[in-house]
Number of protein chains: 2
Amino acid sequence: MTKVLLVDDHAIMIDGLKSMLSTRTDLRVSATASSAGFALAYLAKDHIDLMITDYSMPDIDGLELVKRAKSQFPDLKIIMLSMHDEPAIINAVMKAGLDAYILKKYALEELSHAIDAIQAGRQYWSPEVTRVLLHEEKSSGLHANELTSREIEILKLLTQELNSRQIAEKLFISERTVETHRKNLLRKTQCATTIGLIKYAYLHKLI
Amino acid sequence: MTKVLLVDDHAIMIDGLKSMLSTRTDLRVSATASSAGFALAYLAKDHIDLMITDYSMPDIDGLELVKRAKSQFPDLKIIMLSMHDEPAIINAVMKAGLDAYILKKYALEELSHAIDAIQAGRQYWSPEVTRVLLHEEKSSGLHANELTSREIEILKLLTQELNSRQIAEKLFISERTVETHRKNLLRKTQCATTIGLIKYAYLHKLI
DNA sequence: ATGGATATCAGTAGAAATACGGATATATCA
DNA sequence: TGATATATCCGTATTTCTACTGATATCCAT
């Protein structure tokens, strides 16, 4: 029996997921959490096999949640539901060790397939997601250099009006390192100033 | 019997809403639509009393949908579910004649109350929404002063990644003047850095 | 006509960002 | 193994932005 933790700050989504999963006899929803923090707390006190989580969360975002959860519980399987079809986001969470990424608009059709795949020890990538990623690789002739997950992390903190010193403190790294990341962000996105980075973040739905 | 149209591009949300509304005997879900366009098309061919719609849509956003729907069908009641708690957005849809605005995270608790209110001929504003709006009105005492057209002009040039010197050259004014305008922009929008100004510009659709 | 907002300009100082130049360690991949 | 990418760090210099202090002139409304 697969023990499942549902994570979403919208109770109605939790409800929808619950009723959807109730048709399966091979798993049981052990708990639900309305934030990434609550999810991590629950994982620490009870064994969970599969976490199904939203990307957008009130406290920390899905990328950070996957990173923390996977580092603490390497055997935990994670399925992410998200409304973002941006390659930058999908790439970042993929690299963080996510097992399945499903666009919310296809959740109803694909979630069960994803669970089947994961229970069989495989990853699941929805057609739409792979299409997006393939398309990205094609069009990546222009901006061949994808942003790394660390760079995306820095960029997100920048959009929160933090300066380099504050970001350095937050991430426990040197201010110099933050400056290097910023320099590389400017180079990769071909932006002249931080302002351009913020626009890039909006364009790629990192905000 | 209230005839309801559900609009959301995420099938699982539609599912959740349906199962939630199934407990009520005073209404019936007549149809569902996965985009604003489909919703408007359906409204034209069948009488609907109440539309429950998401704000974020693939084609046009919730604001535009409310405007069009209300202008074509003035008697139609509309409840909006949204993840955005931005005063600018809430204010805009309110002015467009929306009957209820509910944050998705509280949809489960509040949707039924909203329906009750609307069937009783009233509007429904959730506590969270009114809190946001009140806060906005309070803080709008501070920046009761809208941005001047000159300031907006400067802000737009800022979003184009121009620095103060370049803006000064472009407008044939002193760099000092540009800096004064920037200072006033920061003060009026209560932003700490230029990054905040860019976000302000996005929020207020100056970009 | 006095106060307030607007738009213009200035000096000085310091904080922050950017531009250069590097470096090291690790991991992945051909 | 060698090349590449990533993530980390450092010094120096310059540019840009922000903070603080002013100023003048116009316009508008009470």
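Within every chain, numbering begins at 1; the chains are lettered A, B, ... in the order of the sequence lines, protein sequences first and strands thereafter.
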Just the rounded figure in Å: distance from P of C:dC20 to CZ of A:R187. 13 Å
Holding to salt bridge (charged side-chain N to carboxylate O under 4.0 Å, His left out), I want the full list of residues that pass it with B:K199, two or more places apart in sequence or in another chain. none
Starting from P on D:dC27, measure out to CZ on B:R150 and report it in whole angstrom. 16 Å
How close or far is atom P of C:dT6 from atom CG of B:L155, stated in whole angstroms? 15 Å
Can you tell me which residue among A:K188, A:H181, A:R182, A:K156 is in a side chain to side chain donor-acceptor pair (under 3.5 Å) with A:E151? A:K188
By side-chain hydrogen bond (donor to acceptor under 3.5 Å, both in side chains), A:R28 pairs with (sequence neighbours left out) none
Donor-acceptor list for residues 172-179 of chain A side chains, cut-off 3.5 Å, not counting sequence neighbours:
unit_1	atom_1	unit_2	atom_2	d
A:S174	OG	A:R176	N	2.8
A:R176	NH1	A:E179	OE1	3.3

N or O in side chain of A:H181 less than 4.0 angstrom from D:dT8 OP1/OP2: yes
Parallel, tilted or perpendicular: ring planes of B:Y124 versus B:H113, cut at 30 and 60 degrees: parallel
Applying the side chain to side chain contact (heavy atoms under 4.5 Å, CB included) criterion to A:M80, which one of A:V66, A:I52, A:I102 satisfies it? A:V66
Bend angle of the helix from C:dA1-D:dT30 to C:dA30-D:dT1, from helix axes over five pairs at each end, nearest 10°: 50°
Parallel, tilted or perpendicular, judged at 30° and 60°: which one describes the rings of B:H84 and B:Y55? perpendicular
One thing to verify: whether B:K104 and B:D54 come together as a salt bridge, which I'm taking to mean a side-chain N less than 4.0 angstrom from a carboxylate O. yes
B:L171 has an atom CG; how far is it from atom P of C:dT6, in whole Å? 17 Å
d(CD1, A:I167; C1', D:dA7) in whole Å: 15 Å
How close or far is atom P of D:dT6 from atom NZ of A:K67, stated in whole angstroms? 13 Å
Can you measure A:E151 atom CD to D:dA7 atom C1' for me and round it to whole angstrom units? 9 Å
Under the side-chain hydrogen bond (donor to acceptor under 3.5 Å, both in side chains) rule, collect the residues that match up with A:K3, sequence neighbours excluded. A:D46
C:dT6 P sits how many Å from B:E153 CD, rounded? 15 Å
Which letters describe nucleotides 9-26 of chain D, given B = protein heavy atom under 4.0 Å from base, S = only from sugar-phosphate, - = neither? BBBB---SSB--B-----
